[in-house]
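Protein chains get the first letters and strands the later ones, always in sequence-line order, with residue 1 at the start of each. Computed from a prediction, not measured in an experiment: that's the story for all the values here.
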Protein chains: 2
Amino acid sequence: MDAISDDKLTDAQNELYQWIKDYMREFQHSPSIRQMMQAMRLKSPAPIQSRLKHLQDKGYIKWQEGKARTLQIVEEIIDGIPILGSVAAGGLIETYSDVKENFDISDVLKHKDVFALTVNGDSMIDACIADGDMVLMAPITDANSIRNGTIVSALVPGLGTTLKYFIKKSNNIFLEAANPNYDPIELNPEEVVLQGKLLAVWRKV
Amino acid sequence: MDAISDDKLTDAQNELYQWIKDYMREFQHSPSIRQMMQAMRLKSPAPIQSRLKHLQDKGYIKWQEGKARTLQIVEEIIDGIPILGSVAAGGLIETYSDVKENFDISDVLKHKDVFALTVNGDSMIDACIADGDMVLMAPITDANSIRNGTIVSALVPGLGTTLKYFIKKSNNIFLEAANPNYDPIELNPEEVVLQGKLLAVWRKV
DNA sequence: CATCCATAGGAACAAATGTACTTTAATACA
DNA sequence: TGTATTAAAGTACATTTGTTCCTATGGATG
């Protein structure tokens, strides 16, 4: 059910661990031992200490000794979303594995001055970018570094901004849709301002 | 540059605020005032308290009075990525606007026990979910609450886990692909374990 | 120059808190 | 039944830490 195989945790340890995760998700900081004591309906801090020690030994949490409220969840990185494994969107061939990985968008954020755009229209539908999607873009500093086939947002002055495949052919720039209903746009390099190249796609349902 | 308009913050306040955010991102818990003191190269906790008070008054942070290390970032838009506007994926009709919005995945994260799966295969390609995408899922607690047409990850014991449209018809469950090359799978409710419903899709290029 | 105000330094205190220790109860096992 | 193991209760203590004072300094303002 949860990210980490809970098999090795006793019920009491697991209850504490889940409670700590909920608390930290809500308050963005660690609870104190006495808070855990109350939440676990105990009357002494000692049992909590014991359970924390066990959770630490099993690699679930860690903390700075002697410092108040310094708990950390070990296995949950940036957003606390565990990747449980792979899921088949084809045949029924795959099952959850024990892949220890995490949903992590930090590598995308590492780019400088990342910005986002919302997508209108379906011209990139064959690239699996749908109407309403949000695209994360990195600013293009050197137009010559863009490889053909890269998806870019381009500003054509007087016309507007569009999201298309970037193709450079014999000194002309073609902006091609991923949709046979749209024709490629041919432009002189001077006519177009390349604003960003596609880093990632985000879609909420 | 950042999620919140820093205009109203002095340099000292902003430096502290940024440092706190970095610290909490790295350690998952609040720093202490004396830690901030050292980080700000100060020799007394008083200035930090003053800056914290200002940050609180301006709505950036809050904490539980008297309790150690209980800072919370109030308006933290998770990733601080500005949405510059809309981009047309159809005609050249739209242009960047001054929409002040932010790329924000916190609403997705608010769900309890969110987990992620990587997608293998192309059976959901018509739903714009491609091979290699990452899907964020919320655990399904009540199978009866799932509406027809919801995309779910389902575990068919002995066969594996798959991502499909969920359709319930006359007490039977159909798992339908978004790809005409795949036939719907018909199952008894007892045969299938619904694990999660689709919250969002994430694709890195 | 005098005044005001914001900020920094410094010290002290009480509360919160992690930790260690002992005792007691519950449980498992032979 | 007796014993060993584990967990909980209870207590105590030292440290960490938020908070409150007071004082000093620097800059802006009149």
Side-chain angles (χ1 to χ4, degrees), chain A residues 6-74, chain B residues 5-74 76:
Chain A
D6 296 358
D7 323 55
K8 300 186 296 187
L9 292 184
T10 68
D11 288 346
Q13 290 163 7
N14 186 57
E15 184 189 5
L16 176 62
Y17 179 64
Q18 299 300 328
W19 185 87
I20 291 172
K21 286 204 298 184
D22 285 345
Y23 182 98
M24 292 183 68
R25 186 164 54 91
E26 179 176 357
F27 295 105
Q28 304 175 40
H29 61 245
S30 165
S32 71
I33 287 184
R34 281 166 180 81
Q35 278 180 311
M36 304 181 218
M37 185 183 80
Q38 289 187 16
M40 295 298 111
R41 303 165 302 280
L42 296 174
K43 298 172 182 176
S44 166
I48 296 296
Q49 253 188 305
S50 167
R51 295 175 193 181
L52 290 178
K53 191 89 182 67
H54 286 138
L55 287 172
Q56 184 192 42
D57 291 343
K58 294 175 181 175
Y60 286 75
I61 62 173
K62 62 180 177 180
W63 67 89
Q64 297 172 26
E65 280 197 8
K67 306 297 180 67
R69 297 174 180 268
T70 53
L71 275 187
Q72 294 182 64
I73 307 292
V74 171
Chain B
S5 60
D6 298 356
D7 322 56
K8 298 186 297 186
L9 292 184
T10 68
D11 288 346
Q13 289 164 8
N14 187 56
E15 184 190 3
L16 176 61
Y17 179 63
Q18 298 300 330
W19 186 88
I20 291 173
K21 285 204 297 184
D22 286 343
Y23 182 96
M24 291 182 70
R25 175 185 285 269
E26 178 176 357
F27 295 105
Q28 305 176 38
H29 60 247
S30 165
S32 71
I33 287 184
R34 282 166 178 81
Q35 279 180 309
M36 303 181 218
M37 185 184 80
Q38 290 189 15
M40 295 299 112
R41 303 165 302 279
L42 297 173
K43 298 174 181 175
S44 167
I48 295 296
Q49 255 191 307
S50 168
R51 296 176 194 180
L52 290 177
K53 193 87 181 66
H54 288 138
L55 287 172
Q56 183 193 41
D57 290 343
K58 295 175 181 175
Y60 285 75
I61 61 172
K62 63 179 176 180
W63 68 88
Q64 298 172 25
E65 278 196 10
K67 305 298 180 65
R69 297 174 181 269
T70 53
L71 275 187
Q72 294 181 64
I73 307 292
V74 172
E76 174 76 341

How long is the straight-line distance from [atom2] of [Y] back to [atom1] of [X], given to the nearest 0.5 Å?
X     : Y     : atom1 : atom2 : result
B:Q28 : A:I61 : CD    : CD1   : 11.0 Å
B:T10 : B:L55 : OG1   : CG    : 8.0 Å
A:L16 : A:Y23 : CG    : OH    : 13.0 Å
A:I33 : A:L71 : CD1   : CG    : 8.0 Å
B:R69 : B:H29 : CZ    : NE2   : 5.0 Å

Locate the shortest heavy-atom distance separating [X] from [Y]; write the atom from each residue and the value.
X     : Y     : result
A:I73 : A:Y17 : CG2-OH, 3.8 Å
B:M37 : B:K43 : SD-C, 3.8 Å
A:M24 : A:S30 : CG-CA, 4.0 Å

**Message:** For A:D57, is the CG atom crowded, meaning more than 12 foreign heavy atoms sit under 6.0 Å from it?
**Reply:** yes

Less than 4.5 Å apart, side chain to side chain, heavy atoms only: is that true for [X] and [Y]?
X     : Y     : answer
A:Q18 : A:K21 : yes
B:L52 : B:M36 : yes
A:F27 : B:Q64 : yes

**Prompt:** Pick the nucleotide of DNA chain D nearest each of A:K43 and B:M36; which residue has the one closer to the 5' end?
**Reply:** A:K43

**Asked** Of B:I33 and B:A46, whose closest DNA chain D nucleotide lies nearer the 5' terminus?
**Response** B:I33

**Fill in**
Students should find that the nucleotides of DNA chain C closing off the region near chain A, any atom under 4.0 angstrom from a heavy atom, are C:dT17 to C:dA20

**Request:** Go through B:Q56 and B:W63 one step at a time and tell me if the side-chain contact (heavy atoms from CB on, under 4.5 Å) criterion holds.
**Result:** CA-CA 8 Å; B:Q56 183 193 41; B:W63 68 88; 3.7 Å; yes

**Request:** Using side-chain hydrogen bond (donor to acceptor under 3.5 Å, both in side chains) as the criterion, list what pairs up with B:R51, not counting sequence neighbours.
**Result:** none

**Prompt:** Where along residues 49-57 of chain A does a heavy atom fall under 4.0 Å from DNA chain C?
**Reply:**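 Residues of residues 49-57 of chain A that come under 4.0 Å of DNA chain C are, in numerical order, A:Q49.
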
**Prompt:** For residues 62-72 of chain B, which residues have at least one heavy atom under 4.0 Å from DNA chain C?
**Reply:** B:G66, B:K67, B:A68

**Message:** So if I take the C1' atoms of five pairs at each end of the helix from C:dC1-D:dG30 to C:dA30-D:dT1 and get each local axis, what angle do the two axes make, rounded to 10 degrees?
**Reply:**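 Helix axis angle between the two ends: 30°.
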
**Complete:** chain A reaches DNA chain D, atoms under 4.0 Å from its heavy atoms, from D:dA7 to D:dT17

